[in-house]
Amino acid sequence: PLELDGSSFRLHMDRHNSSFVLSLRRSNIEYYSSWGRKGFCSLRLSDGSLVPVDKVEDLTANSERIRFRAASSMGKIPAVWIEWRNIKGRNILSLVFDIPEESRKQVAGIRLLERALWVSDSDAGEVLVPRGVGELYRAANPAPLELKLEDFQASAGLAPESRYSLPVLGLNRLGGALALCWKEPGALITIQREAVDGDTFPGKRGIFTSVDFSGTRAELLFLVPTEINMEILETSRVYSGWFNGREKVPSLRYKTSKEDSLRSFIAAAMWRPSMTAESGAPLAGREARYSFSQLDAISRHWKEVLGIERAAILAGDWLATGNGEGGDLSEWSAAQECGGNEALALAAGQIRARGHLFGLSLELEQLYRAPVESAYKRETSWQAALGTARSKESLHNLKSIFDPQLLVIQEASTASSATKDWAKLLESRTALLQDADKIFGLAGISPALPGDFRIAALGAGALHSKLAAPASKNLFPLLPASFGHNARLSGSPGQALGPADAAGFLSYLLYGQAPVYQLPPGLYFKKPEASSPPLQEKPAAIFAREGGWSRGRKLTPHDIFIKNTYEVATWLAPLCARNRLTSHRFLSPDGSVQESFFSADLRVVVNFGKKPWRDELAKVVLPPYGFYVRHPFFLAFCALEADGLVYEQPAFFTVRSLEGKMYLRAEQVRIYQGMEPDRISLGGRVFKVNGELKTKIW
């Protein structure tokens, strides 16, 4: 066999039929080419037929590359060149194909991997699929599976379940993890889990991976983790490391360090009100859900009544109907139903003066005059939006009128394009985001592509799949582990959290993010809330129950929920921004209890289940919707038992060092009580807390 020898891998390829064995040095694990056939790829001819590549012609090889012309036992095929490359010094193995000009009319594409790199149930095989936040599938599961995922760039008009969110795939067998990624758009990923008959396969079931390309050239990269932690989530670290090597992606801490007023964005309690319509509702005949003055009143209520110092209010659907008609965006007109420009500018100034962040959200079409008679096309829309913004200086005008600190651009979910020039589309998209970031301070986008995280500080919609099914045992944080420290991630606008969304809050905690809240129209805190049964009696409204800090304050369930969850998330999120998500596990057989580590010092455990869960490592018992957060500087839990203290009903506490040192040794520690049990055991002492207490533990 031919050999490519890298520092972290060794590739052996059969010089006659191209079958290969890829050995990972650290784990001594091997991955193989297609099962049950010779070779590893197939050509798709212009008539739609697939022809296996299982012979080799015109082979040349040295220590850095193996290059050959594809051939087939089925007969003569058009010339296509395939090449393995050892990218020295980077622990990367590259697989490239090239269709020469003379073959392009006969060849429609190539299945560069056909049911290759298979994993089996007998070797604890699993595949991490980049759909939504990420999905983990194990070969041992007896249920058949077939996933077909198309490119996140080229197929934006498809439903989310048909798209992949990142161009990377994670594989793992016997503790030997391997990441597979690609740069060119247009890939089709097929994942198949099925039973395998016969005695020759090493197991009863396997997961098989295929990768199709329709272009004339593409490259697959095999990234080999080299850290001691060989969990499958390591594939996200090597992928983001490779991505960061191509395009420097600043951390969210760096993005928010440009101005002191932006620093709180990482952990701010975020509210994204739709000013004139329910999310997704038509604006014709619309009615105001909030006035601009009410934005200021709610910000003031949050700070003066709830003690929320870190908040971000991001207004959407705020433009007047017909704003910018005629292509003239030299001026902006806020909806008169909500108070008009003067009221919005006044509210924005007061929100900022209070120390809260103020932002605006715009649809992409609102940045230029979209032709009514034509369908929405991604490439031309981004180019038109960029050209109009620069020629009319419309973003500068928006800044001068309302002075927002954050601008979020929302792209239509039905986006499509009539061209294949994705480079131009991404160039316009990047340039417009850069302008927004430079002018306003922070930029956000929805939906976010991997390249957007180089600029965007907010990736709205990135957590959609997790918030839609929080307790799913298939969801696995590939996207948050890759880019959660580069931008703040949130769900879709319709997934903002209300007082009965305990599972949604736990999802944000698990991924180290601060949540986005939902509020009723108007001044909600002046309206009595009624439900049957009472909202606070519902299990999922556990964090909206009156008691502890909220006792006697006559707060609404929305206020209690926001205050309690804020006291956890606003201190957890900055810690997670410093320490990326490194490990994720399902602790219970049904997947309802989940754990995340952000470096070795920060652990988060949540219980989505209906029964209490005893965690032996932390010595706590978590009720349904309970959680446990532990860091040397910060402790938070909702538990039935903690540090030897047993509670009759769930206790809710946070413990925070006020000195930037371990809370067990600090001179000043703040203890916050969110629910009725008022005792907490810390460092061998029991403290009685009435809402909140500043003390020292030692």
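Index from 1, following the sequence.
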field: Check: F483 and R454 side chains under 4.5 Å, non-hydrogen atoms
entry: no

- prompt: With a 4.5 Å limit on heavy-atom distance, are the side chains of V655 and F634 in contact?
  reply: no

- request: Using modelled atom types only, decide if a donor and an acceptor are shared between the side chain of Q294 and the backbone of S291 within a distance under 3.5 Å.
  value: yes

query: Distance from E231 atom CD to E126 atom CD, nearest 0.5 Å?
result: 9.0 Å

statement: Heavy-atom closest pair (L442 atom, A457 atom, distance to 0.1 Å) is CD2-CB, 3.9 Å

query: Are F627 and L510 close enough, and set up right, to give a side chain to side chain contact (heavy atoms under 4.5 Å, CB included), and what steps lead you there?
result: CA-CA 9 Å; F627 65 86; L510 198 60; over 6 Å; no

query: Is any side-chain heavy atom of I671 less than 4.5 Å from a side-chain heavy atom of E692?
result: no

field: Pairwise side-chain contact, K303 with I308, heavy-atom cut-off 4.5 Å (strictly under)
entry: no

statement: Rounded to the nearest 0.5 angstrom, the CG-OG distance for L223 and S8 is 9.5 Å

task: Decide if the gap between the ring center of Y628 and the ring center of F637 is smaller than 6.0 angstrom.
output: no

- request: Starting from the C-alpha separation in whole Å, work towards a yes-or-no answer on side chain to side chain contact (heavy atoms under 4.5 Å, CB included) for M662 and S657.
  value: CA-CA 6 Å; M662 292 188 293; S657 170; over 6 Å; no

query: Going by heavy atoms in the side chains, are K563 and S550 under 4.5 Å from each other?
result: no

task: Could you check D615 against R603 for salt bridge (charged side-chain N to carboxylate O under 4.0 Å, His left out), going step by step and ending with a plain yes or no?
output: CA-CA 12 Å; D615 186 85; R603 182 178 186 234; 2.9 Å; yes

- prompt: So do the side chains of P130 and L479 get within less than 4.5 Å of each other, counting heavy atoms only?
  reply: no

- prompt: So, the side chain of R585 versus the backbone of E595: is there a donor-acceptor pair under 3.5 Å, distance only?
  reply: no

message: Looking at G132, is its backbone amide N or carbonyl O close enough to the side chain of S165 to form a donor-acceptor pair, meaning the two atoms are under 3.5 Å apart?
response: yes

message: What verdict does the side chain to side chain contact (heavy atoms under 4.5 Å, CB included) test give for D678 and N690, after you've listed the backbone C-alpha separation in whole Å, the side-chain angles of each residue and the deciding distance to 0.1 Å?
response: CA-CA 6 Å; D678 59 1; N690 182 19; over 6 Å; no

- request: For the pair N172 (side chain) and A177 (backbone), establish whether a donor and an acceptor sit closer than 3.5 Å, ignoring hydrogens and angles.
  value: yes

- request: Provide the closest heavy-atom pair for R272 versus S361 in the form atom of the first, atom of the second, distance.
  value: NH2-OG, 3.6 Å

- request: Apply the test salt bridge (charged side-chain N to carboxylate O under 4.0 Å, His left out) to residues R551 and E676: give CA-CA distance (whole Å), side-chain angles for both, the deciding distance (0.1 Å), then the verdict.
  value: CA-CA 8 Å; R551 184 172 50 249; E676 200 54 50; 2.7 Å; yes

- prompt: Run the salt bridge (charged side-chain N to carboxylate O under 4.0 Å, His left out) check on K473 and D590 step by step: do they pass?
  reply: CA-CA 7 Å; K473 59 181 179 181; D590 63 355; over 6 Å; no

task: Report yes or no: is the cationic atom of R553 (NZ for Lys, CZ for Arg) under 6.0 Å from the centre of the six-membered ring of W549, at an angle within 45° of the ring normal?
output: yes

- line: Here the gap from L572 atom CG to E567 atom CD, rounded to the nearest 0.5 Å, amounts to 13.0 Å

message: With a 3.5 Å distance limit and no angle check, can you tell me whether R237 reaches the backbone of S482 through a side-chain donor-acceptor pair?
response: no

task: Classify the ring geometry between F561 and F543 as parallel (under 30°), tilted (30 to 60°) or perpendicular (over 60°).
output: tilted

query: Got a donor-acceptor contact below 3.5 angstrom from the K619 side chain to the G644 backbone?
result: no

- prompt: Relative to the ring of W271, is the ring of W302 parallel (under 30°), tilted (30 to 60°) or perpendicular (over 60°)?
  reply: tilted

- prompt: Taking Q350 for the side chain and A353 for the main chain, is one N or O donor matched with an acceptor at less than 3.5 Å?
  reply: no

- prompt: Do any N or O atoms from the side chain of D601 and from the backbone of H631 form a donor-acceptor pair under 3.5 angstrom?
  reply: no

query: Think R580 forms a cation-pi with F598, using NZ or CZ under 6.0 Å from the six-ring centre and within 45 degrees of its axis?
result: no

- prompt: Taking all non-hydrogen atoms of both residues, which atom of I298 and which atom of G522 are closest, and how far apart?
  reply: CD1-O, 3.8 Å

query: Taking the six-membered ring for Trp, is the centroid-to-centroid distance between Y672 and F653 below 6.0 Å?
result: no

message: Distance check, rounded to the nearest 0.5 Å: F608 atom CZ versus S472 atom OG?
response: 10.0 Å

- request: Working to the nearest 0.5 Å, report the span between OG of S261 and CZ of F358.
  value: 13.5 Å

task: Report the relative orientation of the aromatic rings in W242 and Y239; use parallel for angles under 30°, tilted for 30 to 60°, perpendicular for over 60°.
output: tilted

- prompt: When rounded to the nearest 0.5 angstrom, what is the spacing between CG in N486 and CZ in F243?
  reply: 9.0 Å

message: Are there over 12 heavy-atom neighbours, none belonging to K438, within less than 6.0 Å of that residue's NZ?
response: no

message: Any heavy-atom pair between the side chains of R253 and R263 that's under 4.5 Å?
response: no

- prompt: Would a distance-only check, ignoring hydrogens and angles, find a side-chain to backbone donor-acceptor pair under 3.5 Å from S264 to R310?
  reply: no

field: K696 charged N/C atom sitting above W698 aromatic ring, 6.0 Å / 45°
entry: yes

message: side chain to side chain contact (heavy atoms under 4.5 Å, CB included), that's the test. Do I562 and L497 meet it? Break it down for me.
response: CA-CA 9 Å; I562 291 170; L497 303 187; over 6 Å; no

message: Measuring centre to centre across the rings, with the benzene-like ring taken for any Trp, is W318 within less than 6.0 Å of Y290?
response: no

message: Please check if the number of heavy atoms outside R685 that lie under 6.0 Å from its CZ is greater than 12.
response: yes

query: Quick one: does S507's side chain have a donor or acceptor within less than 3.5 Å of a partner on A503's backbone?
result: yes

message: Whether K255 and D437 form a salt bridge (side-chain N of Lys/Arg under 4.0 Å from carboxylate O of Asp/Glu) is what I want to check.
response: no

field: Pairwise side-chain contact, L357 with L262, heavy-atom cut-off 4.5 Å (strictly under)
entry: yes

